Amino acid sequence: MKAKATLKQIAKELGVSVSTVSKALNDSPEISEQTKVKIKEYAKLKNYKPNVIGLNLKNRKTKTIGVIIPNILNSFFAKVFSGIEKVADKKGYNVITCISNESLEKEIHTLEMLSNGTIDGFILSVSEEAQKLQDYTHFSAIINDGTPIVMFDRIADEVECDKVVVDDFDSALNSTQHLINLGCKNIALISSVDNLSVGKLRADGYLKALADNNIPVNEKIILRTDSEDDMKSKIDAIFDHKIDAIFALDENDSVAALRVSLKKGYKVPEDISIIGFADGILASRRLSPSLTTVSQHGIEIGEVAAKLLIKRLEESEEETSDYETIVIKTKLKERESTRKV
């Protein structure tokens with residue numbers, strides 16, 4: 001294996017200063033194009049690699065973004081990451097991804113580990129445990145130490161930082177209204193995310209739609225749980241009551257709603273219409289009938305979050321802007337699981 005050259009060696013062999021080599025490799029306008037090309041080509045020939053740790057200690061910039069997602073199996077988070085990586089790559093940033101596995105302790109550990117000179121800023125969605133305990137002090141501590149954070153989807157209102165969210169309340173309100181407009185009167189709600197900010201907002205939207213249409217709330221057909229296992233163990237009881245539609249608040253809830261409906265002998269959508277929050281191909285292509293879904297535009301959320309963070313990282317202290325909360329509008333994608341009564 002070829003030994004890696006150092007700045008000092010390159011400078012000596014080309015008869016220039018170390019400073020000139022460093023500036024040329026970093027495209028400094030102080031160095032002529034001819035000299036830059038000469039030094040870059042020689043550095044490549046000699047297998048030169050920049051010392052990232054050394055650069056970090058000197059400049060406090062790594063051109064690396066840390067991304068923390070709660071769940072690697074959720075297709076929505078995969079789409080968000082895809083959007084982040086697309087923008088980061090275009091802007092010359094690297095991305096390190098970690099999974100909190102919904103654990104507050106792991107979230108704290110990851111933040112502390114990566115903020116110790118490894119990354120310039122974070123893009124993250126808050127863990128289930130942090131939201132359940134309402135414990136967000138670790139985020140504020142990181143921000144106060146000078147490392148910016150952009151939160152997406154699951155956010156903490158108490159933490160002052162840039163945020164990217166979808167219109168969860170309005171999406172749920174409009175989706176429930178759509179079912180009502182189709183002629184549905186007994187609309188069940190299924191949620192395994194009731195301990196999350198997004199779950200609460202979606203449930204509130206559903207309840208507001210019922211109130212707007214003078215439809216009495218029937219607690220017997222409302223299932224609000226904190227986990228997929230809990231939801232699956234209780235979902236059968238919903239079908240003991242008269243229902244003609246289901247609004248599901250998460251992709252797993254949506255899939256369960258369809259499968260249990262078919263298992264119970266319901267024809268979808270002839271007997272029952274189903275709408276669910278889902279962003280993956282499971283709901284749209286691999287299920288029969290295909291599900292009508294609220295699309296959360298995960299890729300767009302990731303792109304916007306990455307642009308927000310990079311803008312924050314590249315602005316000078318004199319031009320520091322106010323924190324922004326950007327709302328991405330969802331879209332109802334009608335497929336085979338809904339029809340007019």
Side-chain angles (χ1 to χ4, degrees), residues 131-132 154 157 165-278 283 289 291-296 327 329-341:
Q131 288 208 321
K132 190 173 183 179
R154 304 184 200 167
D157 290 329
V165 296
V166 297
D167 54 339
D168 287 293
F169 177 85
D170 287 341
S171 299
L173 173 65
N174 295 335
S175 298
T176 308
Q177 185 63 53
H178 182 73
L179 290 170
I180 294 168
N181 293 345
L182 291 176
C184 302
K185 293 182 174 63
N186 300 294
I187 304 168
L189 177 84
I190 296 176
S191 172
S192 63
V193 290
D194 201 51
N195 55 329
L196 303 179
S197 56
V198 293
K200 290 180 171 65
L201 286 167
R202 293 168 191 174
D204 287 345
Y206 159 86
L207 293 170
K208 181 68 165 59
L210 296 186
D212 287 349
N213 291 273
N214 297 314
I215 297 175
V217 175
N218 182 356
E219 296 291 348
K220 293 177 181 177
I221 59 172
I222 294 177
L223 177 59
R224 300 177 67 169
T225 67
D226 291 351
S227 70
E228 185 182 352
D229 289 342
D230 197 17
M231 176 270 294
K232 285 183 175 179
S233 70
K234 296 175 180 176
I235 190 172
D236 280 18
I238 292 288
F239 295 87
D240 293 338
H241 308 278
K242 184 181 178 183
I243 58 173
D244 53 19
I246 299 175
F247 181 42
L249 305 194
D250 178 77
E251 184 154 46
N252 291 325
D253 305 339
S254 307
V255 174
L258 177 60
R259 287 180 171 163
V260 176
S261 295
L262 296 173
K263 181 180 154 189
K264 294 284 185 181
Y266 284 82
K267 292 179 182 177
V268 180
E270 291 84 356
D271 300 330
I272 191 168
S273 287
I274 302 173
I275 293 178
F277 268 83
L291 271 173
T292 295
T293 59
V294 180
S295 176
Q296 297 162 270
V327 180
K329 294 291 183 183
T330 58
K331 182 179 180 181
L332 186 65
K333 292 188 176 180
E334 289 196 69
R335 299 190 182 90
E336 298 169 345
S337 68
T338 50
R339 69 164 231 173
K340 195 169 182 68
V341 176

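Quick caveat: nothing in here was measured; it's all calculated off a predicted structure. In what follows, every heavy atom counts, from backbone to side chain, and hydrogens, waters and symmetry copies are set aside.
Using a cutoff of 4.0 Å between basic side-chain nitrogens and carboxylate oxygens, K200 and D168 are not scored as salt-bridged.
Distance CZ/R154 to CG/L196: 4.5 Å, rounded to 0.5 Å. Residue E251 holds its CD atom at 8.5 Å from CG of L291, rounded to the nearest 0.5 Å. To the nearest 0.5 Å, atoms CG (L258) and CG (L262) are separated by 4.5 Å. In this structure, NZ in K242 is found 9.0 Å from NZ in K185, a value given to the nearest 0.5 Å. Note that the CD1 atom of I235 and the CG atom of L223 stand 7.0 Å from one another [nearest 0.5 Å]. In this structure, CG on L207 lies 14.5 Å from CZ on R202, to the nearest 0.5 angstrom.
Checked by atom type and distance alone, the side chain of D244 pairs as donor or acceptor with a backbone atom of N186 at under 3.5 Å. A distance-only check finds a donor-acceptor pair linking the side chain of S337 to the backbone of T292 [under 3.5 Å]. Side-chain N or O atoms of N213 include none that pairs as donor or acceptor with a backbone N or O of I215 at under 3.5 Å.
Pairs engaging residues 209-221 under the salt bridge (charged side-chain N to carboxylate O under 4.0 Å, His left out) rule: K208-D212 [sequence neighbours left out].
Checking D226, T225, D253 one by one against S192, the side chain to side chain donor-acceptor pair (under 3.5 Å) holds for a single residue, D253.
Evaluation of the side chain to side chain contact (heavy atoms under 4.5 Å, CB included) rule for T330 yields V166, D167, S171, V294 as partners, not counting sequence neighbours.
G199 approaches L249 most closely through the heavy-atom pair O-CD1, 3.8 Å. Pairing each heavy atom of D250 with each of N252, the nearest pair is OD2-N, 3.0 Å. In plain terms, the two heavy atoms of I272 and F239 that are nearest each other are CD1-CE2, 4.3 Å.
By the 4.5 Å heavy-atom criterion applied to side chains, Y206 and L179 are not counted as neighbours. Between Q177 and L173 the shortest side-chain heavy-atom distance does not fall below 4.5 Å. At a threshold of 4.5 Å between non-hydrogen side-chain atoms, the residues I275 and L332 count as touching. By the 4.5 Å heavy-atom criterion applied to side chains, I274 and S261 are counted as neighbours. Counting heavy atoms from C-beta on, the side chains of R335 and T293 come closer than 4.5 Å.
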Query - Verdict with supporting geometry, D236 and K264, side-chain contact (heavy atoms from CB on, under 4.5 Å) - result: CA-CA 9 Å; D236 280 18; K264 294 284 185 181; 3.7 Å; yes
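Ring pair F277/F247 is tilted by interplanar angle, where 30° to 60° counts as tilted.
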